[in-house]
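Read the structure below first, then the notes.
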Amino acid sequence: MARLVINPDRKVSRINKEIYGHFSEHLGRCIYEGIYVGENSPIPNENGMRTDVVEALKKIQIPVLRWPGGCFADEYHWMDGIGPKESRKKMINTHWGGVIEDNSFGTHEFFELCRQLGCEAYVNGNLGSGTVQEMSEWVEYMTFDGLSPMSTMRKENGHEEPWNVRYFGVGNENWGCGGNMNPDYYANEYRRYQTYVRDYKHPDPSSGESSILKICSGPNVDDYEWTEDVLKTLYRHCDPRFHGHLDGLSLHYYVHPEGWQIKGSATDFDERVWYKTLAKAYFMDELVTKHSAIMDQYDPEKKVGLIVDEWGTWYTVEPGTNPGFLYQQNTIRDALVAGITLNIFNKHSDRVKMANIAQMINVLQSVILTEGADMILTPTYHVFDLYKVHQDADLVDSSIETEEIDLGDDRFGTGEGGRKITYHLPNLTESASVDADGVLHITVTNASADAAYPVETSIVGHAVKSVTAETVSGEMHEKNTFEEPEVVTVKPFDGVTVTEQGLSFTIPPCAVVRLDVELQ
Ligand code: AHR
């Protein structure tokens, strides 16, 4: 029996809706086919965006979308993607399969997508192979309202009004594909480039917050030296936050069950690999804790967000598909990875201000897969659906008694730069929030492959008026396919009873559960 204790009156932090954000790169079939099919496609679309996909994404209330990469961002030259499509420059997508990128999806198309989705834009600039002028002019093109060369060009290309760029990334993975830089070199480049990322809409007069929030390219996995060295250089002689130079530091972490080289199949795995995968997902908790502790030394008031703008599973590609396209299936295992990770982000929402799962469609841990005119929703999609109630709610104090799952030798691993990692995996994870209507939402995951756990829940200071619950669960390999698209969906979860202390229920193995509780 596990005891879950929740104090709905102890509000800990706001769960930014952006924690439920997504990432879309010019990679494989994410943008092209996955979302953008062009105005003349027989697939139903609005201004080239697939209507089935847009409708599905709206249902999970995607709050923010990052684009155009990823590694692609640091070789993307935005001027190639504006103006008449037939005269747009074609380029080689060197990172992702060496295919021809025809630039038919560019800045105007991205903002049209954000408009249809009703989400914020997170544009990632090119620091690795672009110039300061190029980055500066892109921001002017997108956001300047007055008379200027770039705003005139935007108007000539058919968009009178400036767009809102809520988040702007100054480079991506600049320790790797974004230029193979050392941390102090990158940090100095960041200081220079971001200077010319102008806030043309002016800061919010009440908070002083810029209208365009700048995100610095942060560490890979457990590279704590990168975090430390970059921050040291950014904070030298100034407080970058105070001067509007820095609003977020990114973190990238992917779960490769069998390591970076081998990775492992998305669908064919045994119980040992199930646990190994989930333990690697749970490692996110240590990563966020340790990178946050370094950030605390520079920014004790937690004004700078940790932005986990790439996370998710990364398996071996599906047999017969282009290795550069990173197309993979998605099972109940991915649902657990999503549930565990989102609970971690909720619980660290004092520091984690945004997260973007990689990637939205047809790439890595997608929420949607497409095949021609067909579309399926993955188990990960259904977890985002289950958890959307946490968006912009208040995280409240909660804790759960857990048992450690025995990982055997799989508890040992190696991180960036050869650092030793000890993985561990609790059977259960949880997070709880109270929304604007006062409804308490509790999400619980059970990583056990075969054990169900009774959970006795105490709700401090309140009696329960009513409770409903839903789940994404099943046998660990279950998945949705184009032949059987509804094997894994959100299903009602019965068997929750109201007790004197709060609630009682038994969580089955391989399950993600959400309870919605009306309090007295
Ligand atoms: O998401 C795929 C790739 O993973 C991104 O382009 C890059 O930033 C990361 O290495």
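First listed ligand is number 1; within each ligand, the first listed atom is number 1.
Looking only at protein heavy atoms, the nearest one to atom 9 (C) of ligand 1 is E310 OE1, 3.0 Å. Counting only heavy atoms of the protein, atom 1 (O) of ligand 1 lies nearest to Y254 OH, 2.7 Å.
Residue contacts with ligand 1 leave out F72, since none of its heavy atoms falls under 4.0 Å from the ligand.
Exactly one of N220, D223, D309 qualifies for a side chain to side chain donor-acceptor pair (under 3.5 Å) with H252. That residue is D309. Screening H95, R66, Q359 for a side chain to side chain donor-acceptor pair (under 3.5 Å) with E25, the sole residue that qualifies is Q359.
Taking every heavy atom of E25 and a limit of under 4.0 angstrom, the matching atoms of ligand 1 come to 1 (O), 2 (C), 5 (C), 6 (O). Residue C71 approaches ligand 1 through these ligand atoms, each under 4.0 Å from one of its heavy atoms: 5 (C), 6 (O), 7 (C), 8 (O). When each atom of ligand 1 is checked for a heavy atom of G70 under 4.0 Å away, the hits are 5 (C), 6 (O), 8 (O). Set against the non-hydrogen atoms of Q359, the atoms of ligand 1 under 4.0 Å away are 1 (O), 2 (C). Ligand-side atoms of ligand 1 in range of N172: 8 (O), range being under 4.0 angstrom from any heavy atom. Per-residue contacts place E173 under 4.0 angstrom from the following atoms of ligand 1 (heavy atoms of the residue considered): 7 (C), 8 (O), 9 (C), 10 (O).
At a cut-off of 3.5 Å, with distance as the only test, no side-chain donor of Y196 or Q133 sits close to an acceptor on the other residue. Side-chain polar atoms of T380 and Q365 form a donor-acceptor pair below 3.5 angstrom.
In terms of modelled atom types and a separation under 3.5 Å, the side chain of N16 and the main chain of K353 share a donor-acceptor contact. Judged by distance alone, with hydrogens and angles left aside, the side-chain atoms of S87 form no donor-acceptor pair with the main-chain N or O of G83 at under 3.5 Å. Between the side chain of D385 and the backbone N or O of I60, no donor-acceptor pair lies under 3.5 Å.
Here's the thing with W314: none of its N/O atoms is less than 3.5 angstrom from an N/O atom of ligand 1. Considering backbone and side-chain atoms alike, F23 places every N or O at 3.5 Å or more from each N or O of ligand 1.
In summary, the aromatic rings of Y253 and W311 are positioned with their centroids too far apart to meet the 6.0 Å limit.
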